[in-house]
Every structure is written in C-alpha cells, then in structure tokens.
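Scroll down for the structure; my scribbles are underneath it.
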Amino acid sequence: MPISRAFFDRPAPAVAQDLIGWDFRIAGIGGVIVETEAYTRDDEASHSFRGPRTANAAMFGPPATAYVYRIYGLHRCLNFVCRDAGAVLIRALEPVSGLKEMAERRALEDARLLCSGPGRLAQALGVGLGLNGASLLEEPFALLPPQEASTVVTGLRIGISRAVDRPWRFGRHRSRFLSKPFPPDATVVAGKRPLMPRQQEGESR
DNA sequence: AGCGAGATCGTCT
DNA sequence: GACGATCTCGCTA
C-alpha cells in the first residue's frame, strides 16, 4: 500500500530515520533512499527557523508536501515536509529504476555518482522548482515500502554551519551510494547490528 | 585521498 | 555586500 500523510505528520527526525529503505520515484525514475537529514522549526540550520517567507512557504504547508529550493545559485535540493514546519532533506538514493534517463541528465555513466548527494539526486530525477509545494502523495511522485529491513546509522549533518551538533543525518549502513560514508563507529539506531564481514551492499567497489 | 577555488543568484544583513 | 542543507575540476602527495 502507498505511503500516507500520517507517515509525515510526525517529528522530522523520526520521519527521516524511517524513510531509509523506501523506494522513491518521480515519473517512474528513482531508487532506494539511503541517506536523509532532518530539520525542525526550532533548529537554526532549518529554513523554517526564522518563520514563514515567500521562499520557504512550502515548509509551512501540510505534511507530505515537497519543498524544493535552489542552492548556491545552481543546484536544487528536495525535501519532504513533516509536522510543524519540519522537513527531511533527501540526500542520496541507490539508483534502481530509469538508470538510462538519470545517466543522460547527469551526463555521467557511473551509477555510484548518479544520486549520491542532494544536488546530484535532484538533477538525476529531474527535480525542478516547479515541484515546490506539490503533494508527495500524488503523481508524479511514488513512495513504495522497503523490501527488507535496513540497518540504519546516524551521525552529524553535513554542509551546515549552524546547529552542527544535532545527530540528524541518517543512512543505510555501509551503502556505497551515500554522499559520504558514516564513521566506522557510527551509532546504529535501527535494524540489526552489523557483523564481522564488512560486506558492501550492491556490487564491489 | 584531500584541499581549494569557481560557478551562480535569490534572500537576508 | 555576503552567504548558502553543493558539485566539479585541478592540483598536491
């Protein structure tokens, strides 16, 4: 069954953690979510921290709304709006469907680099500002439940200068599609504790 | 592998 | 006028 609005009507950190392993697609193109970050209203790093503005209006919309913004004048970042102006930044996907289209948009072959980063992911999935404010519960979006449970690790958020101490970055343990690996001693917050053999998911490096 | 610079522009100071 | 929830390339080692 498809995802519900209730899934997003929770604190952003909880939603960010639970999104790991879901299959996310736009117009049929996408893959498994392997990395996310949570931002909340009382969080200095969040775009909603200083209240409603024209630019962040989508963050103050209902849960399950897409919030898309342009960063550094050229890239775009995709977020899922949660309860109370919170949001989850989608940072990386393991490409599964539409590899060909993604490779064309990225002008790049290596599957490893197609969606491993918020800007890369947005480019590969064709995310434009036109999707800002759209409902994640309708076309062209699709979110399918995890096929299997993921071991989820957490750590500090990346690329921010304020509220750097909050451990609100979540990722699938040792996925090779992360924008950046988690430290070896990263805290496991869900799923089975990793065992001896350091086996990468997917193909070998 | 890691570091530094450039690209590029709307929003806020 | 400065900066940002980033990416890529070129250089050093």
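Checking A/Thr36 against A/Arg91 by side-chain atom types alone, no donor-acceptor pair falls below 3.5 Å. Of the N and O atoms on the side chains of A/Arg106 and A/Gln123, at least one donor lies less than 3.5 Å from an acceptor on the other residue. Side-chain N/O atoms of A/Ser48 and A/Arg41 include no donor and acceptor closer than 3.5 Å. Side-chain contact check for A/Thr154 and A/Gln17: no donor-acceptor pair (N or O, by modelled atom type) lies under 3.5 Å.
The aromatic ring of A/Tyr72 does not stack onto the base of B/dA7, failing the criterion of a centre distance under 5.5 Å from the six-membered base ring together with planes under 30° apart.
For A/Arg50, no side-chain nitrogen or oxygen approaches OP1 or OP2 of B/dT11 to under 4.0 Å. Look at A/Arg162 and you won't find any side-chain N or O under 4.0 angstrom from OP1 or OP2 of C/dG4. Under 4.0 angstrom from either OP1 or OP2 of C/dT8 there lies at least one side-chain N or O belonging to A/Arg106.
At whole-Å resolution of the value, CG in A/Asp110 and C1' in C/dT8 are 14 Å apart. Atom pair A/Lys180:NZ and C/dA5:C1' shows a separation of 14 Å (rounding to whole Å applied). Straight-line distance from the CG atom of A/Leu121 to the P atom of C/dT8: 12 Å, rounded to whole Å. Whole-Å rounding puts the A/Leu74 CG to B/dA5 C1' distance at 14 Å.
Side-chain proximity of A/Tyr39 to C/dA5, B/dT8, B/dT11: nearest is C/dA5. The listed nucleotides are C/dT6, C/dG4, B/dT8; the one nearest the side chain of A/Ser161 is C/dG4. For A/Thr54, counting side-chain heavy atoms from C-beta on, the closest listed nucleotide (B/dT8, B/dT11, C/dA5) is B/dT11. When each of C/dT8, C/dA5, B/dT8 is scored by its nearest atom to the side-chain atoms of A/Leu108, the top-ranked nucleotide is C/dT8. Out of C/dT8, C/dG4, B/dC12, the shortest distance to the side chain of A/Arg53 is found at B/dC12. Checking C/dT8, C/dA5, B/dT11 against the side-chain heavy atoms of A/Met59 singles out C/dA5 as nearest.
In a base pair of the Watson-Crick type (N1 to N3 plus N6-O4 or O6-N4) or a G-U wobble (N1-O2 and O6-N3), with each distance short of 3.5 Å, B/dC9 is matched with C/dG4. The partner of B/dC3, taking Watson-Crick or G-U wobble pairs whose two distances both stay under 3.5 Å, is C/dG10.
Residue contacts for A/Gly73: at a heavy-atom cut-off of 4.0 Å it reaches a base atom on one of the strands shown.
Judged by distance alone with a 3.5 Å cut-off, a donor-acceptor contact links the side chain of A/Tyr69 to the base of C/dA5.
Taking the P atom of each, C/dG10 and B/dT8 are spaced 16 Å apart, rounded to whole Å.
Ring geometry for A/His47 versus A/Tyr67: interplanar angle over 60°, hence perpendicular rather than tilted (30 to 60°).
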